[in-house]
Amino acid sequence: MRIGELAQRTGASVRSLRHYEANGLLSAERRSNGYREFPDCAVETVARIRALLAAGLPLAAIEQVLPCVLNQKLEVQTCDSVVAVLQKELCKLDAQAAQVHRARTAISAMLSGA
DNA sequence: GTTCTAACA
DNA sequence: TGTTAGTA
C-alpha cells in the first residue's frame, strides 16, 4: 500500500511515516515513480512503533528493540540486544533522575533560606 | 489527485 | 511535527 493508505490505517501522519522509514524503523519498496510501497505488515509495525514512542523511548532506541517487540502491548521476545538497549535507556533515565534530584534539592534549599 | 524531497516556521 | 514549494 502507499503511504497515504498506511497513514489512514494507522492514524500516524504521512510526515511521521516518512520519518520512521528514514530512520530504518519501517521498510518500504520503491515503485518506478519513486512512491514508497509498504507491505501489509507495516500497519502492525507502526502500531508497535507508536506504542514504544508513547512509552517514551527515543526513535534511536526503538530502531534497536523493534525487531524483538512482539505486539502493541510491548511484550518482548528475550533477545540479548534488546536487554542491552533497555538497560542503557534505564541507565540514562537514572542519570536524569539524579540530575533532577540535585536541582530540586538545591532549589529547595535556596527557598527555605530565603 | 497523490507522493517525493528539502527546507523553514 | 506541520507545512509549503516545486516536481514527477
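No hydrogens, no waters, no symmetry mates; every other heavy atom, side chains included, goes into these values. Here is how names work: the chains are called A, B, and so on, in the same order as the sequence lines, proteins then strands, and each is numbered from 1.
Of the two residues near DNA chain B, A/Arg30 and A/Tyr35, the one whose nearest nucleotide lies more 5' is A/Tyr35.
Of all nucleotides present, only B/dT2 satisfies the Watson-Crick or G-U wobble test against C/dA8, with each distance under 3.5 Å.
Remark: A/Arg36 in residues 36-66 of chain A come within less than 4.0 Å of DNA chain B through at least one heavy atom.
Heavy atoms of other residues, nucleotides or ligands lying less than 6.0 angstrom from CD of A/Gln72 number 12 at most.
The two atoms that bring A/Val65 and A/Leu52 nearest to each other are CG2-CD1, 4.2 Å, heavy atoms only.
A donor-acceptor contact under 3.5 angstrom links the side chains of A/Arg48 and A/Thr45, judged on distance only.
In this structure, CG on A/Leu6 lies 11.5 Å from CZ on A/Arg18, to the nearest 0.5 angstrom. If you take OG on A/Ser16 and CD1 on A/Ile3, they are separated by 9.5 Å, rounding to the nearest 0.5 Å.
Listed by chain and number, the residues in a side-chain hydrogen bond (donor to acceptor under 3.5 Å, both in side chains) with A/Glu75 are A/Asn71 (sequence neighbours excluded).
Following rounding to the nearest Å, A/Arg31 (CZ) and C/dA8 (C1') show an atom-to-atom distance of 15 Å. When rounded to the nearest whole Å, the span between NE2 of A/His19 and P of B/dA6 equals 15 Å. Rounded to whole Å, the distance from CZ on A/Arg2 to P on B/dG1 is 13 Å.
Note on A/Ser13: every side-chain N or O is 4.0 Å or more away from OP1 and OP2 of C/dT1.
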Using atom names, set out every protein N or O paired with an N or O of nucleotides 3-7 of chain C below 3.5 Å, distance rounded to 0.1 Å.
{"from": "C/dT3", "atom 1": "O4", "to": "A/Arg15", "atom 2": "NE", "distance (Å)": "3.1"}

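Neither A/Tyr35 nor A/Val46 shares a network with the other; the hydrophobic side chains, linked directly or stepwise wherever heavy atoms of I, L, V, M, F, W or Y lie under 4.5 Å apart, form separate groups for each.
In terms of modelled atom types and a separation under 3.5 Å, the side chain of A/Arg30 and the main chain of A/Gly34 share a donor-acceptor contact.
Between B/dT2, B/dC4, C/dT1, one nucleotide has an atom nearer to the side chain of A/Tyr20 than all others, and that is C/dT1.
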